[in-house]
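Just below is one structure, and these are the notes that go with it.
Chain identifiers are assigned alphabetically (A, B, ...) following the order of the sequence lines, protein sequences preceding nucleic acid strands; residue numbering begins at 1 within each chain. Source: prediction; values computed, not measured.
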Amino acid sequence: MVGTPRFRFAPSPTGYLHVGGARTALFNYLLARKHGGRFVLRIEDTDEARSTPEATEQILRALSWLGINWDEGPGVGGAPLEPGQVPSDPEGCKASYFQSDRAPLHRELAMRLWREGKAFYSHTERAGELKFDEVHRNLTLEEQEKLLREHGGRLPLKLKVPRDQVVEFEDRIRGRVRFNTEDIGDFIILKSSGSPVYNFACVVDDYTMGITHVVRGDDHLANTPKQLLVYQALGFEPPQFCHVPMILGPDGKRLSKRHGATEVLHYREMGILPMAMVNFLALIGWHGPDPDREEYFSMTELLAEFDWEGLGRSPGVFNLEKLLWLNGRHIRHLSDEEYLEKLMPYVPAGWRERFEEAYLREIALLEKERLRTLAEFEEKTRYFFEDKFPFDERALAKQITENERAGEIFAALHQALGELGEEEFQSEERLEEVLRGVAEELGLKFGKVAQPLRVALTGGAASPSIFSVVRLLGRERVLGRVGKFISPQGENPR
RNA sequence: GGUCCCUUCGUCUAAUGGUUAGGACGCCACCCUUUCAAGGUGGAAAUGCGGGUUCGAUUCCCGCAGGGACCA
């Protein structure tokens, strides 16, 4: 099939989009863009019991959040399929991107296989009871109709799989892969309820949607020979397959909930930037052409550099630390304006109401170098917005309650800072002068004064520049907070 | 249990029939510094095991082990 390459991502809406699925979607998206192709999104909602509209909605939202936009799929082109529509009308068959809409087509083609003697009814419902059903697969159509009637029209339809044949294909990542049909056996394509089985619906849809490249997780590798047999029976030309390795949890097992968040949208709540997530996912199972290149990628850079060549074959462990690091890189890479815009949803509404935008902005920019996630902002800057904020026990002990000179230091600070007017509080230069003066006066290194002050003002041992903190907090709040610690020894003897 | 897939620092990965096995996260140290970050410099850290083929294997082949997936 020459022409525009067509890639697809086909999730089942039985739950949220997890990171493994997101990565598969991303690879397809990048490959489609790279090769001037189309990226198709198909919702495989054939499992009626477990599929929900909410899950579909969630998946679409997650993909959109990541910036993985589909050229065709829900909301983009398409209409429900007419009952009985067959692939003589290929455009029409692309019409619906919900697999459930396509059931008539699946049934139609399954029946065609039956009429052609390539599929048969069997009452050994449970697959695997016997690999090859030598009795039923050899019945004539008439005999099968009779059998079907005897079972009230409810029998599964199985594909008649040729015996002792090698099914092989060229996988884009793994090279030649071979299976023997003796290990596969006849398998169900239509359940007794009349609904198609995954391996059948998938083939019909991929083919009728004109998919040329099937890039999916290698958990599907063992499905591929079965699908190839379906292509063969239907007389359809198969697409090119590419099985990407899976993403594992830190214990080397398939990534699952017990490893922490596997839900893509959960990372949005954590304050991960979508582009950081994309960057991170791209780096599992793929590497760029230049091994010494830094690992930061923008979408533009990914689109330029991503290709088949960099794809690897061994599974990768999801490394949260690296994601957080990359997220920090992406945060710092944002322009100030972009950063502020992206940060705002993570700033408590009350803070935005009660404080001036300029104040918020300054604090936000002070933290820009320090954040690994946007959600961290709230806990890291609470002392700027609330008078009640938590104290780090160890810092409090070290710098204040167990510091013999704390009372003296705070008295001197209170005295010296108290002498400054509101205006002088706005000059970090002036503040530095005064604070260094206090240290000198007490015969202490500057840090010995700055740290207790930092703890008193922020509750912790780490913060932006102490001068910025003092300035932004302002005279009143600084004197208030310092005042409380003037005689800690007296109040709180150790 | 059957079939298939995978195996380089803790993790993501690069490379080659001959290299000091490279980069990145994390870790450690140092620099910067009022702290924490950020940034910079340096360091520790890997070819699963056993056989072959070969002058030489981490690379090719075979077994094993471990992990994973699918089917049951």
Taking only the P atom of each, what is the distance from B/A44 to B/A29 in whole angstrom? 15 Å
Spacing of the P atoms in B/C4 and B/G43 (rounded, Å): 46 Å
Using whole Å, report how far CG of A/Leu324 lies from P of B/G26. 9 Å
Rounding to a whole Å, what distance do you find between A/Glu294:CD and B/A24:C1'? 10 Å
How long is the line joining CZ of A/Phe187 and C1' of B/C70, in whole Å? 13 Å
Which residues satisfy the side chain to side chain donor-acceptor pair (under 3.5 Å) test with A/Gln227, sequence neighbours excluded? A/Asn199, A/Arg216
I need the CD1-P distance between A/Ile173 and B/A69, as an integer number of Å. 18 Å
Answer yes if the side chains of A/Glu386 and A/Trp351 hold a donor-acceptor pair under 3.5 Å, and no otherwise. yes
Any residue meeting ring-ring contact (aromatic ring centres under 6.0 Å, His included) with A/Phe280, in chain and number order, not counting sequence neighbours: A/Phe318
B/A38 pairs with, by Watson-Crick or G-U criteria that keep both distances under 3.5 Å: none
Could you work out the separation of B/A24 and B/G42 based on their P atoms and round it to a whole Å? 10 Å
Quick one: ring-ring contact (aromatic ring centres under 6.0 Å, His included) partners of A/Phe384, sequence neighbours excluded? none
So which nucleotide does B/C60 pair with, by the Watson-Crick or G-U wobble rule with both distances under 3.5 Å? B/G52
Using atom P of each nucleotide, how far apart are B/U11 and B/G67 to the nearest Å? 15 Å
Can you tell me how far C1' in B/C28 sits from the matching atom in B/G51, rounded to whole Å? 40 Å
If the P atom of B/A15 is compared with that of B/C9, how far apart are they to the nearest Å? 15 Å
Length of the CG-C1' vector between A/Asp186 and B/A72, whole Å: 16 Å
Give the table of side-chain donor-acceptor pairs shorter than 3.5 Å for residues 456-467 of chain A, with sequence neighbours excluded, one pair per line with atom names and distance.
from, atom 1, to, atom 2, distance (Å)
A/Thr458, OG1, A/Arg454, O, 2.7
A/Thr458, OG1, A/Gly460, N, 3.1
A/Thr458, OG1, A/Gly460, O, 3.2
A/Ser463, OG, A/Arg454, NH1, 2.7
A/Ser465, OG, A/Phe467, N, 3.2
A/Ser465, OG, A/Ser468, N, 3.4

Counting primed atoms, P, OP1 and OP2 as sugar-phosphate and everything else as base, the B/S/- map of nucleotides 2-20 of chain B against protein heavy atoms under 4.0 Å is -SSSSS---SBSS------
Spacing of the P atoms in B/G1 and B/A38 (rounded, Å): 49 Å
Interatomic distance at C1', B/U58 relative to B/U16, whole Å: 9 Å
Under the ring-ring contact (aromatic ring centres under 6.0 Å, His included) rule, collect the residues that match up with A/Tyr346, sequence neighbours excluded. none
Pair A/Lys160-A/Asp186, salt bridge (charged side-chain N to carboxylate O under 4.0 Å, His left out): steps then yes or no: CA-CA 5 Å; A/Lys160 191 186 287 183; A/Asp186 302 326; over 6 Å; no
Between C1' on B/A69 and CG on A/Leu255, what's the gap in Å once rounded to a whole number? 15 Å
Could you tell me whether the side chains of A/Thr46 and A/Gln99 share a donor-acceptor contact shorter than 3.5 Å? yes
Give the B/S/- string for nucleotides 27-39 of chain B, one per nucleotide from 5' to 3', where a protein heavy atom under 4.0 Å of the base yields B, of only the sugar-phosphate yields S, and otherwise -. -------BBBSSS
Under the rule for ring-ring contact (aromatic ring centres under 6.0 Å, His included), what residues qualify as partners of A/His330, not counting sequence neighbours? A/Tyr296
What is the pairing partner of B/G2, taking Watson-Crick or G-U wobble pairs with both distances under 3.5 Å in any strand? B/C70
Report the residues that fulfil salt bridge (Lys or Arg N to Asp or Glu O under 4.0 Å) with A/Arg475, sequence neighbours left out, ordered by chain and then residue number. none
Nucleotide paired to B/G10 in any strand shown, Watson-Crick or G-U, under 3.5 Å: B/C25
Given that both distances must come in under 3.5 Å, which nucleotide forms a Watson-Crick or G-U wobble pair with B/U19? none
